[in-house]
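The structure under discussion is supplied below as structure tokens; questions concerning it will follow.
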Amino acid sequence: AAAEEDDDDDIDLFGSDDEEEDQEAAKVREERLRQYAEKKAKKPGLIAKSSILLDVKPWDDETDMAKMEECVRSVQMDGLVWGASKLVPVGYGIKKLQIQCVVEDDKVGTDILEEEITKFEDYVSLFSEL
């Protein structure tokens, strides 16, 4: 029985008899890990973005809405992209401008947008976000 136990000890089920192969496998594994780390370091992180729908209301029904939209779109910042817009009736012949924008949260805040848009006092009476 003792001879049979010794025979079992000599059998390596995982094939780790060859130490050179283990060293080569370790080198290959280290190289792959290094390449993975380099690739991951080059990849940019996630950028948080928000889609905002803005309501821009004019002073009265005689306000030039095309000029008001042009003024709003003239606000340019890094991380701000203007989208679609439309005129929505409010009442008494007055229409408001609804305009979509996408902002990078770290670069552009709604308070900055509001400040920039309300600077156009000749056109903009009230500003709000939905």
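These figures come from a predicted structure and were not determined experimentally.
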Reported OG1-to-CD1 distance for the pair T63 and I94, which is rounded to 0.5 angstrom: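 Answer rounded to 0.5 Å: 8.0 Å.
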Heavy-atom pair of closest approach, residues M65 and K95: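 For M65 versus K95, the nearest heavy atoms are CE-O, 3.2 Å.
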Working to the nearest 0.5 angstrom, can you tell me the gap between M77 CE and E104 CD?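 One finds 12.5 Å between CE of M77 and CD of E104.
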Please round to the nearest 0.5 Å and tell me the distance separating atom CG of L33 and atom CD of Q35.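 Result: 9.5 Å between the selected atoms.
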Apply side chain to side chain contact (heavy atoms under 4.5 Å, CB included) to C71 and list each qualifying residue two or more places apart in sequence or on a separate chain.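 Checked C71 against side chain to side chain contact (heavy atoms under 4.5 Å, CB included); matches are K67, F120, Y123.
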Taking only residues two or more places apart in sequence or in another chain, which ones pass salt bridge (charged side-chain N to carboxylate O under 4.0 Å, His left out) with K39?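 K39: no salt bridge (charged side-chain N to carboxylate O under 4.0 Å, His left out) contacts found.
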Let me confirm one number: the CD-OG1 distance from E115 to T110, rounded to the nearest 0.5 Å.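 If I round to the nearest 0.5 Å, the distance is 11.5 Å.
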E30/K27 ion pair, N-O < 4.0 Å: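 Result for this pair is no, no salt bridge flagged.
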Can you give the donor-acceptor pairs under 3.5 Å from side chains of residues 80-90 to other protein atoms, not counting sequence neighbours?
residue	atom	partner	partner atom	Å
W82	NE1	V75	O	2.9
S85	OG	E69	OE2	2.6
S85	OG	R73	NH2	3.4

Nearest 0.5 Å, please: how far is CG in D106 from CG in D78?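 It is 11.0 Å, given to the nearest 0.5 Å.
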Would you say the side chain of C101 lies within less than 4.5 Å of the side chain of L113, judging by non-hydrogen atoms?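 Contact flag for L113/C101 side chains = yes.
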Tell me every residue that passes side chain to side chain contact (heavy atoms under 4.5 Å, CB included) with R32, counting only those two or more places apart in sequence or in another chain.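 With sequence neighbours excluded, R32 shows a side chain to side chain contact (heavy atoms under 4.5 Å, CB included) to V28, given in chain and number order.
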Can you list the residues that meet the salt bridge (charged side-chain N to carboxylate O under 4.0 Å, His left out) rule with R34, with sequence neighbours excluded?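 Testing R34 for salt bridge (charged side-chain N to carboxylate O under 4.0 Å, His left out), a comparison that skips the adjacent residues, returns E31, E38.
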Under a single-linkage definition using a 4.5 Å side-chain heavy-atom cutoff for Ile, Leu, Val, Met, Phe, Trp and Tyr, are L97 and V102 assigned to the same hydrophobic cluster?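 No, it is not one cluster - the side chains of L97 and V102 are not joined through contacts under 4.5 Å.
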My understanding is that only residues two or more places apart in sequence, or in another chain, count here; which of them pass salt bridge (charged side-chain N to carboxylate O under 4.0 Å, His left out) with D60?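 Per chain and number, D60 pairs via salt bridge (charged side-chain N to carboxylate O under 4.0 Å, His left out) with no residue.
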Is there a side-chain contact between D105 and V103 in this structure, where contact means two heavy atoms from C-beta onward sitting under 4.5 Å apart?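 When only atoms from C-beta onward are counted, V103 and D105 do touch, with a gap below 4.5 Å.
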Nearest 0.5 angstrom please: Q98 CD to D55 CG, how far?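 Going from the CD atom of Q98 to the CG atom of D55 covers 4.5 Å.
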